[in-house]
Every structure is written in structure tokens, then in C-alpha cells.
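Following: one structure in C-alpha cells, then a few remarks.
Labels below follow one simple rule: chain letters A, B, ... track the order of the sequence lines, proteins then strands, and each chain is numbered from 1.
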Amino acid sequence: MRLNYTPIMTLEYTIQLATQKAITALYKIDLPLEQIVLQETRKEFEGQITLVTFPVIRLSKKSPEQTGTELGEYLKKQVKEIASFNVIKGFLNLSINDTYWIKQLQQHILKSDYGQFKPNGQKVMVEYSSPNTNKPLHLGHVRNNLLGYAVAQILTAYGYEVIKVNLINDRGIHICKSMLAWTLFGNNETPESSGLKGDHLVGKYYVIFDKEYKKQIEELQNAGQTEEEAKKNAPLIRQAQELLLQWEAGDEQVITLWKKMNSWVYAGFDKTYKKLGVDFEKYYYESDTYLLGKDIIEEGLTKGVFFKKSDGSVWIDLTADGLDEKLVLRADGTSVYITQDLGTAQLKYNDYQMDQSIYVVGNEQDYHFKVLFLILKKLGKTWANGLYHLSYGMVDLPSGKMKSREGTVVDADDLIDEMITTACKRTEELGKIDGFSEEEKQELYRMIGLGALKYFLLKVEPKKRLLFDPNESIDFQGNTGPFIQYTYARINSILTKAHYVQHDANHSTSLTAVERDLLVTLIKYPTIIEASAKEHSPAHIANYIFELAKLYNKFYHEEPILKAEDTSVKQFRLHLSAGTASVIKKGMQLLGILVPNKM
RNA sequence: GGACCUGUGGCUCAAUUGGAUAGAGCACCUGACUACGGAUCAGGAGGUUAGGGGUUCGACUCCCUUCAGGUCCA
């Protein structure tokens with residue numbers, strides 16, 4: 001049964017309507033529904049749903065306590081789910097009867113598609129990863145990839161049709177640098193001959209270029225040139241620029257080399273993507289799109305959105321919007337970044353006619369996207385309203401920013417391998433996986449290592465910057481991926497032992513406090529998906545699953561499951577365990593994290 | 001010069017978008033039916049939410065200002 005709305009909403013709506021009636025009956029006042037504020041009851045108080053009475057007090061002209069009590073009494077009579085209530089300060093805490101919570105288990109939580117919303121008929125594109133083809137992926141890219149993938153998963157669960165897209169920056173001066181260095185110093189080295197992963201091989205020559213380039217600059221400076229002159233005059237940079245011109249002219253040899261080196265990089269990226277578990281429906285290449293956008297410039301000029309300066313360059317004046325004047329086409333008629341992005345945006349829309357489009361790009365480009373979206377709106381593109389920049393903070397090292405050219409990066413492949421190795425060590429120390437084949441072991445280490453890494457990166461609010469200390473390895477205890485995986489494995493073990501089969505999960509006796517807490521938390525899952533989707537933030541999901549796992553462990557310690565004396569209690573607790581396991585698995589899946597049956 | 005983002009116990013993060021006594025994890029200290037899986041659980045200690053002012057029944061959250069870190073635009 002797919003959801004139209006979150007399960008708890010039905011009950012909340014009932015309570016809101018009843019409250020509205022109560023206010024009319026008691027105080028002869030009509031209060032709009034949105035002023036009736038419900039929230040989750042804080043753990044230290046009794047009850048599950050809380051009505052904030054302050055907005056009502058202004059009208060009732062009575063004390064918070066009295067208002068709360070009057071409303072509580074009315075609601076208790078009118079809403080059958082409300083078993084009791086208490087009033088503390090201005091807060092009316094409502095206790096919902098156990099029957100209601102137990103019913104949710106059967107009706108929603110244990111359903112195989114729990115958490116999946118009905119298709120909403122909207123298409124959304126998520127563009128992420130967007131690498132350059134001159135170097136391998138690093139930790140920053142990893143954050144980008146995981147975010148993009150998770151957001152895509154979450155939006156799918158929320159009922160969108162999602163198209164995952166990768167726009168590859170495969171042209172420009174940077175790749176020419178690698179090409180040149182390889183030609184000059186490479187001795188025909190290939191991934192096969194060197195055993196290097198393709199992207200690492202090309203990245204190696206990017207670094208060599210930089211090193212040699214710096215040498216030349218120094219020599220020129222010693223010969224009396226200023227730094228600025230030297231940077232411009234160094235033979236290597238001139239050659240690279242020449243190479244770029246040849247590329248643009250379609251020089252056959254250059255194109256062949258370019259294709260060859262890019263194919264190495266793609267083979268390397270594919271491996272990394274596969275390890276990370278991310279994928280794309282469609283690849284766009286900047287070599288195809290970099291000339292786009294010029295017709296949009298024309299369109300803007302005729303519409304009077306852009307203006308031409310005397311030197312022939314084209315601009316847009318955004319000062320009225322609090323921004324600057326922005327160049328959109330150079331005097332010599334060549335594009336700038338934003339020109340092609342305008343064109344690419346139009347191209348993507350023509351291809352898919354999506355309702356929304358999300359760009360997963362670092363926050364250093366906040367200004368760029370603000371301008372891009374604003375221009376498209378000014379051009380009258382109605383679809384521009386669906387554009388969204390999912391801006392995330394940089395991943396910094398204790399030493400500062402990562403810089404590929406200077407070699408101060410945390411390489412994605414290295415990091416992944418390291419995580420897997422650590423997972424292997426930890427697991428072997430604990431020695432709980434007797435009977436695993438070698439293949440199963442490797443599979444498990446990958447699951448745990450990547451689970452730790454992914455959870456570490458996704459539990460933080462995207463827009464916050466992330467500090468990563470390579471010397472302090474990522475934790476496996478506490479608020480971590482492995483903790484959650486462990487909880488899942490533990491539940492799985494119990495269910496297996498009990499030969500659990502899912503069937504009617506009715507239960508008539510009353511609930512213990514932890515059992516009720518667990519149910520209340522479990523039924524919140526769709527609400528979290530909704531918030532997560534609306535805010536484009538996987539962190540909500542991550543924190544929620546952690547809360548759930550923690551709560552289950554508490555339950556596990558407080559209440560006997562297999563040893564429960566009453567068989568119906570035992571059955572019920574097994575159902576509860578199964579529901580928890582299922583939500584953990586689904587939630588982790590939204591983050592792109594797998595959970596093991598045993599670990 | 002202008003604009004944007006961030007600032008919460010020693011460290012890493014939360015806080016239902018303006019609600020109750022600001023919650024977790026790591027690290028530290030104490031403990032757990034002689035483990036239904038201890039990668040667990042219970043408890044302790046640790047906070048003027050960067051500083052100051054304002055708005056109101058109520059502010060980590062909104063406004064003003066100062067400071068610190070980061071980023072972008074010309």
C-alpha cells in the first residue's frame with residue numbers, strides 16, 4: 001500500500017479538526033487550522049502528541065493550564081484514539097491508546113513497500129558527480145556522489161520520477177595539460193603497461209605538467225622576468241594552449257589522443273562509481289555542450305534582457321537584484337562558463353521536460369547558480385522555477401583545503417580501500433563470522449567499510465563544511481554506519497532463531513514504554529522521508545535511523561523477546577523486531593548503504 | 001569594495017523550522033540478569049548555543065551589530 005500522505009497525518013488531522021471545533025464550542029472563536037500546532041511529545045513527558053496551547057490562550061483569555069485542561073477534556077471525549085492527557089505549562093500532552101499504535105504495525109510498518117509514496121507525476125533531474133577528466137576522484141567528489149545518489153533515492157521514495165545525470169567536464173585547458181605532459185614525458189605509458197588505473201595515470205601526468213611548468217617559471221624568473229610574465233611565457237603553458245586550439249579546430253591527431261586518454265579516465269571512473277554504488281541514466285559531455293548557449297544570448301539580446309557594450313561583449317545587469325553586472329559573452333564572441341550552462345540547461349530541459357532539476361555542486365559556486373537561475377527566469381523560461389542548487393560544504397583536511405596539483409588530496413580509491421581494510425581487521429578481531437566463504441567475507445568487509453564511510457559523510461547537513469582527519473580513522477562505534485548495520489544483523493539473528501514468519505500482527509495486551517516508543521518512532525519514517533525530500537537532506541534519514549537503532553537496542557536489553565513468557569507477547573515482539581529491521585534496511589538503502597544479515 | 005555560508009560541552013554532530021530543563025556519539029569515570037549477538041546497554045561528569053543589543057508569552061532558531069573561519073563577484 002503506497003502512501004499518499006504520512007500515516008500519522010491522518011490522526012493529526014483528526015485532532016486538529018476536533019481542536020478547532022473545541023475552540024469554537026468553548027470560546028466561540030474560529031481559529032484557522034494552521035494555527036493549531038501539533039508536535040511530538042518530548043521524551044521526558046507522558047504522551048505522544050502535544051498540542052501547543054499558546055496560540056489559543058490569546059483568544060481563550062484563560063490561563064495556559066485551564067485552557068489545556070478544557071481542550072484536553074473535550075478532545076478526549078471526541079477523539080476515540082485519545083486515551084488520556086496531561087497539561088504542563090502551555091503544553092497539552094495527549095496519550096494515544098495502544099490499539100492505535102499496534103494497528104500501525106500491521107497496517108503500515110510491516111508492509112513490503114512501507115515508506116514508498118505514490119507516484120506524484122513529477123519528473124526531477126539530479127545532476128551530480130560532474131568530474132573533470134584530468135585527475136582521479138577525491139574525497140570531495142565522494143561527498144558529492146553520495147549526496148547526489150542519496151537525494152535521488154529519497155526523491156524516488158517520495159514519489160518522483162528521478163533522472164540521474166552526470167555532466168562530464170571533458171575538455172579545456174586542464175586535459176590539454178595532461179595530454180601534453182603525457183606526450184612529452186610519457187614514453188607511451190598506458191594503464192595496461194603501467195598497471196595504473198586509467199584516471200590515476202592521467203592524473204599523474206597532470207601533476208607532472210605542473211611540476212615541469214613550475215620549473216620553467218622559475219627559470220624564466222631567474223632570467224629576469226616577473227612572475228606574471230613567466231607564467232604567461234613558459235613554453236609548456238603556450239604548448240598547452242596551442243593544443244587546446246588544435247583540439248577546437250578538430251585536429252585529427254589531437255582528437256585521437258584526447259579520446260584515448262579520456263577513455264582511460266572513464267574506465268577508471270566506472271570502477272570507482274561501481275565501488276561507491278552510484279549510477280547514472282544519462283551522461284552529458286562538455287565537449288558536446290560547450291558551444292551551446294549562443295542562441296540564448298541572441299534571444300536575450302532581442303528580448304532586451306542582455307545588452308552589448310561598445311567592445312561587442314554581452315552583459316546582463318543584475319544590480320537591481322543585488323548582484324553585479326555579469327559578462328555572458330566575450331568581446332571576441334567566445335563563451336564563458338555561464339554561457340554554456342545556459343545552453344546546457346536548455347538542452348536538458350528539451351531532452352526531459354522535467355519539473356525540477358537539482359544541481360549537486362559545491363558551495364563555492366553559490367553565486368554562479370544564483371546568477372544562472374536568475375538569468376533563465378528573466379528570459380522567461382517558466383521551467384527555471386524548478387531549478388535548485390543543492391549546495392554542499394567543502395571537505396577540508398586539518399591542513400586546509402585539498403589541492404590536487406599539490407598532491408594534498410585524499411584519493412577516493414585509496415580511502416575506500418583503507419576503509420575496507422579497517423573493516424576487515426575489526427571484523428576478524430571480533431571473530432564472529434565463522435562459516436563465511438572467502439567471497440562472503442570480502443563482500444561483508446566492503447559493506448561495512450563503505451557503510452562507515454557513507455554514513456560518516458551523509459549524517460552531516462549538506463551545507464556544512466566537513467572536516468576530515470586522515471590520521472583519525474572513521475569510527476565503527478556509536479553514531480556510525482557499522483552500529484546500525486550491527487543492529488540489523490542482531491535482529492536478523494533473532495528472527496532466524498525464532499524461524500520468524502510474518503503473519504497477522506495483532507496483539508491485544510498493552511504496550512510497555514519502550515515498545516510504544518519504538519512504534520511511535522517506526523511510524524515516523526514516512527514523515528522523515530518527506531522532510532528529507534523537501535529539504536534535499538539525507539542527514540535527516542541518517543539521524544533518524546540512528547535514533548531507531550539506538551531505541552531498538554534499548555528495547556532489546558529491557559524486554560526479553562525469545563524468552564518472553566507469554567507466546568503472544570513473544571510473537572508481537574518478533575513483529576516489532578521485523579518492522580524495525582525492515583525500516584533500518586529501507587532507510588539505509590536510501591543512503592546507498594547495504595546491511596548484512598550477519599557480521 | 002560588495003555578497004553569501006558557517007560558528008552549539010575537549011572533539012564530531014542533533015534540536016520536529018519560534019516551543020518545555022539545548023539532545024546524541026567519541027574521549028573520560030562508574031556499573032550491567034554469569035550475553036535472546038558486549039561493534040551493546042544503564043549511569044556520572046562536561047553548555048552564558050562566538051560576544052553584545054533588540055523583537056515576544058517563549059529565541060540556538062528572526063532583526064541589528066561586533067568578532068572569528070570559509071567562499072564567491074569585479
Between [options], which nucleotide has the shortest distance from any of its atoms to the side chain of [X]?
X        : options             : result
A:Asn93  : B:U6, B:A20, B:C41  : B:A20
A:Pro482 : B:A39, B:A24, B:G19 : B:A39
A:Lys326 : B:C57, B:C41, B:C73 : B:C73
A:Glu364 : B:U40, B:U71, B:A39 : B:U71
A:Val460 : B:A39, B:G37, B:C13 : B:C13

With RNA chain B as reference, determine whether A:Tyr367 or A:Leu444 sits nearer its 5' end, using the nearest nucleotide of each.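 It is A:Leu444 whose nearest nucleotide is closer to the 5' end.
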Closest-nucleotide 5' rank along RNA chain B - winner of A:Asn543 and A:Leu562: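 Mapping each residue to its closest nucleotide by heavy atoms, the 5'-most match is A:Asn543.
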Should the pair [X]-[Y] be classified as a salt bridge under the 4.0 Å nitrogen-to-oxygen rule?
X        : Y        : value
A:Lys554 : A:Asp517 : no
A:Glu530 : A:Lys534 : yes
A:Glu547 : A:Lys524 : yes

What is the distance, rounded to the nearest whole Å, between atom [atom1] of [X] and atom [atom2] of [N]?
X        : N     : atom1 : atom2 : result
A:Phe555 : B:A42 : CZ    : P     : 14 Å
A:Ile57  : B:G58 : CD1   : P     : 13 Å
A:Phe483 : B:A24 : CZ    : C1'   : 11 Å
A:His557 : B:U34 : NE2   : C1'   : 15 Å
A:Lys370 : B:C4  : NZ    : P     : 6 Å

Same-atom distance ([atom1]) from [N] to [M], integer angstrom:
N     : M     : atom1 : result
B:C11 : B:G51 : P     : 15 Å
B:A20 : B:C5  : P     : 25 Å
B:A50 : B:A15 : P     : 15 Å
B:U8  : B:G69 : P     : 14 Å
B:A3  : B:A39 : C1'   : 47 Å
B:C72 : B:G10 : C1'   : 33 Å
B:A59 : B:G52 : P     : 15 Å
B:G25 : B:G46 : C1'   : 14 Å

Using a 4.0 Å heavy-atom cut-off, does A:Lys432 contact any base of the nucleic acid, only the sugar-phosphate backbone, or nothing at all?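 If one applies the 4.0 Å heavy-atom cut-off, A:Lys432 turns out to touch a base.
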Under 4.0 Å, counting only non-hydrogen atoms across every strand here, what does A:Glu559 touch: a base, just sugar-phosphate, or nothing?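 Base contact - A:Glu559 has a heavy atom under 4.0 Å of at least one base atom.
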Go through it in stages, so that I can follow the logic: the residues are A:Tyr552 and A:Phe555, the test is ring-ring contact (aromatic ring centres under 6.0 Å, His included), and I'd like the CA-CA distance, side-chain angles, deciding distance and then a yes or no. CA-CA 5 Å; A:Tyr552 183 84; A:Phe555 160 72; 5.4 Å; yes
Quick check against the 3.5 Å criterion: does A:Thr53 have a side-chain atom that pairs as donor or acceptor with the backbone of A:Val56?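 No, the answer is negative, given that no donor and acceptor are paired below the 3.5 Å cut-off.
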If only atom types and distance count, is the side chain of A:Arg143 paired as donor or acceptor with the main-chain N or O of A:Gly393 below 3.5 Å?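 The answer is yes, because a donor-acceptor pair under 3.5 Å joins these two groups.
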If the plane angle is over 60° it's perpendicular, under 30° parallel, otherwise tilted; pick one for A:Phe373 and A:Tyr359.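 If you compare the ring of A:Phe373 with that of A:Tyr359, the planes turn out tilted.
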In terms of the angle between their ring planes, are A:Tyr525 and A:Tyr114 parallel, tilted or perpendicular, with boundaries placed at 30° and 60°?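 Aromatic pair A:Tyr525/A:Tyr114 classed tilted.
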Do the side-chain N or O atoms of A:Lys464 get closer than 4.0 angstrom to the phosphate oxygens (OP1, OP2) of B:A14?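 Affirmative; the distance criterion is met.
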Can you tell me if the side-chain N/O atoms of A:Tyr544 get under 4.0 Å from OP1 or OP2 in B:A14?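 Checking B:A14 against A:Tyr544, no side-chain N or O comes under 4.0 Å of OP1 or OP2.
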Kindly state which residues belonging to residues 486-502 of chain A come within less than 4.0 angstrom of RNA chain B, counting heavy atoms of the residue only, listed by number.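 The stretch gives A:Tyr486, A:Ala489, A:Arg490, A:Ser493, A:Ile494, A:Lys497 as the residues lying under 4.0 Å from the strand, ordered by number.
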Return the stacking result for B:A24 and A:Phe546: yes when the ring centres lie under 5.5 Å apart and the planes under 30°, no otherwise.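 By the stated criterion, A:Phe546 and B:A24 do not stack.
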